[in-house]
Amino acid sequence: MENKGISQAVIGRLPRYFRYLGELKDQGIERVSSQELSDIMKVTASQIRQDFNNFGGFGQQGYGYKVEYLYGEIGKILGLDQTHNLIIIGAGNLGQALANYMNFERRGFLFRGIFDNNPALYGRRIRDMEVLPMKELSSFVRENAIDIAVLTIPKNCAVEVAEELVKEGIRGIWNFAHVDLNVPPDVQVENVHLSDSLMKLTYNINRYETHYDA
Ligand code: NAI
C-alpha cells in the first residue's frame, strides 16, 4: 500500500489503532464505527477518519469499519505481515529484559541472537539463545538474514557498532543507547528514550498540580 509522504505523527498513532483493533478482534467484534473507536481510544472520530484517509479511508460505509480487515491493513502498513529477524547487542539488564519479553514474537519479531563483548557472558543462555562474542557478529548477520538490530550497549560504542551493522546490510536499528547514530538513508533508526515518557509524566503531574492549586 502507498504510504509515502505520510507524517510521522500519523505513523506514530498506527500501533495504537492496531492494538485496540486486535482487542476488538479477540472479542469477536466484527464492525466498529469511527465514533465507537473514538470512545474506546479517546481520540476524536474526525482524527480517526483523517488518519485513515491517508491510506484511502479503509472503506467505512455508513455502518462501520470491518475490524478484521482494518486490523490486517494496518498490520500490513506497519510491516507486520512479514516476520523480522532481530539480534540484540548488549546482554546487560536491558538487553536481557527485551530478550525475555515474549510478546514481540507474537507480532513476528523473532530474536535470533544476542551479542556482548564481555567474555564472562559468552555462552550464558538467555531464553533459548547463547550470548555470542562480537567477533561473530558480521557472519551471523549475513548468514541469518538479520534485518533489525537492537542496541542496548553504552553510548560510547554504539556509533561504531552501528557502522559495522550497516556494512553487513542491516535495515533497521532499534537504538536504546543515548547517542545519535550515523547511518545512510536506506537504514532506519528508531531511538527509544524511556526517560522522555517519564518526563511527559512529570510535566503532566506538575501541570495538574498547578491547575489544582489555582
Ligand atoms: P548494562 O551495563 O547492564 O549492559 C550493557 C551491556 O553492554 C554489558 O553487558 C556490556 O558488557 C555490553 N557492552 C559494552 N560495550 C560493548 C560493546 N562495544 N559491544 C558489545 N557489548 C558491549 O546496561 P543496561 O542497563 O542494560 O543499559 C544498556 C544501555 O541502554 C546503556 O547505554 C543505557 O544508558 C541504555 N538505556 C537506555 C534506556 C532508554 O530508554 N533508551 C533505558 C535504560 C538503559
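Note that ligands are numbered from 1 as they come in the structure, with each ligand's atoms numbered from 1 the same way.
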Table please: side-chain donor-acceptor pairs of residues 149-164 below 3.5 Å, with sequence neighbours left out.
from: T152; atom 1: OG1; to: I89; atom 2: O; distance (Å): 3.1
from: T152; atom 1: OG1; to: G90; atom 2: O; distance (Å): 2.8
from: E164; atom 1: OE2; to: S138; atom 2: OG; distance (Å): 3.0

(request) Would you please test L70 and F52 for side chain to side chain contact (heavy atoms under 4.5 Å, CB included) and show each step? (result) CA-CA 10 Å; L70 189 53; F52 291 177; 3.6 Å; yes
(request) Among all protein heavy atoms, pick out the one at the shortest distance from atom 8 (C) of ligand 1; state its residue, atom name and that distance to 0.1 Å. (result) D116 OD2, 3.5 Å
(message) How far is atom 40 (O) of ligand 1 from the closest protein heavy atom, and which atom is that?
(response) L194 N, 2.6 Å
(request) With heavy atoms only and a cut-off of under 4.0 Å, state how N117 meets ligand 1: side chain, backbone, both or neither. (result) both
(request) May I ask whether atom 23 (O) of ligand 1 is less than 4.0 Å from at least one protein heavy atom? (result) no
(request) Give the residue and atom name of whichever protein heavy atom lies nearest to atom 5 (C) of ligand 1, and the separation in Å to one decimal. (result) T152 O, 3.8 Å
(message) For ligand 1 and N118, I'd like to know whether there is a polar contact (N/O to N/O, distance under 3.5 Å).
(response) no
(request) Work out which heavy atom in Q50 is nearest to a heavy atom in N54; give both atom names and the distance. (result) O-ND2, 3.2 Å
(message) Below 3.5 Å, N or O to N or O, backbone or side chain included: is there any such pair between L94 and ligand 1?
(response) yes
(message) A side-chain contact here means heavy atoms from C-beta on lying under 4.5 Å apart; do I40 and L24 qualify?
(response) yes
(request) Show which atoms of ligand 1 fall inside a sub-4.0 Å distance from at least one heavy-atom site of L121. (result) 9 (O)
(message) Taking a cutoff of less than 4.0 Å between a non-hydrogen atom of the residue and any ligand atom, is N191 in contact with ligand 1?
(response) no
(message) Looking only at protein heavy atoms, which one is nearest to atom 14 (C) of ligand 1, and what is the separation?
(response) P154 CD, 3.3 Å
(request) Look at the side-chain heavy atoms of Ile, Leu, Val, Met, Phe, Trp and Tyr, link any pair under 4.5 Å apart, and say whether I126 and F140 land in one connected group. (result) no
(request) Could you tell me which non-hydrogen atom of T202 sits nearest to which non-hydrogen atom of M199, and how far apart they are? (result) OG1-O, 2.9 Å
(request) Answer with side chain, backbone, both or neither: which part of E160 has a heavy atom less than 4.0 angstrom from an atom of ligand 1? (result) neither
(request) Examine S195 against ligand 1 and note whether any of their N/O atoms are separated by less than 3.5 Å. (result) no
(request) Evaluate the criterion side chain to side chain contact (heavy atoms under 4.5 Å, CB included) for residue pair V179 and L181; output intermediate values, then yes/no. (result) CA-CA 6 Å; V179 64; L181 305 175; 4.2 Å; yes
(request) Establish, yes or no, whether a centroid distance under 6.0 Å links the rings of F104 and W174. (result) yes
(message) For ligand 1, which is the ligand I care about here, please tell me if F176 has any N or O atom under 3.5 Å from one of the ligand's N or O atoms.
(response) yes
(request) Could you go through the side chain to side chain contact (heavy atoms under 4.5 Å, CB included) check for Y17 and I77 one step at a time? (result) CA-CA 12 Å; Y17 289 124; I77 295 167; over 6 Å; no
(message) V10 vs R13, test: side chain to side chain contact (heavy atoms under 4.5 Å, CB included). Steps then yes/no.
(response) CA-CA 5 Å; V10 176; R13 286 193 287 273; 4.0 Å; yes
(message) Could you work out, for atom 1 (P) of ligand 1, the closest of G92, G90, A120 by heavy-atom distance?
(response) G92
(request) Taking only heavy atoms of H193 into account, list the atoms of ligand 1 that are under 4.0 Å away from them. (result) 40 (O), 41 (N)
(request) Treating Ile, Leu, Val, Met, Phe, Trp and Tyr as nodes and any side-chain heavy-atom pair under 4.5 angstrom as an edge, say whether F18 and V67 lie in one connected cluster. (result) yes
(request) Measure the distance from atom 3 (O) of ligand 1 to every protein heavy atom, then report the residue, atom name and distance (to 0.1 Å) of the closest one. (result) N93 N, 2.9 Å
(message) Give me the residue, atom name and distance of the protein heavy atom closest to atom 33 (C) of ligand 1.
(response) H178 CD2, 4.5 Å
(message) Please list the nearest protein heavy atom to atom 29 (C) of ligand 1 with its residue and the distance rounded to 0.1 Å.
(response) I153 O, 3.6 Å
(message) Within the protein, is there a heavy atom lying under 4.0 Å from atom 19 (N) of ligand 1?
(response) yes
(message) Tell me the closest heavy-atom pair linking A99 and I114, and the distance in Å.
(response) CB-CD1, 4.3 Å
(request) With heavy atoms only and a cut-off of under 4.0 Å, state how C157 meets ligand 1: side chain, backbone, both or neither. (result) side chain
(request) For R16, enumerate each residue passing the salt bridge (charged side-chain N to carboxylate O under 4.0 Å, His left out) test, keeping only those at least two apart in sequence or located in another chain. (result) none
(request) Enumerate the atoms of ligand 1 whose separation from the nearest heavy atom of V192 is less than 4.0 angstrom. (result) 39 (C), 40 (O), 41 (N)
(request) Specify side chain, backbone, both or neither for Q96, according to which of its non-hydrogen atoms lie closer than 4.0 Å to ligand 1. (result) neither
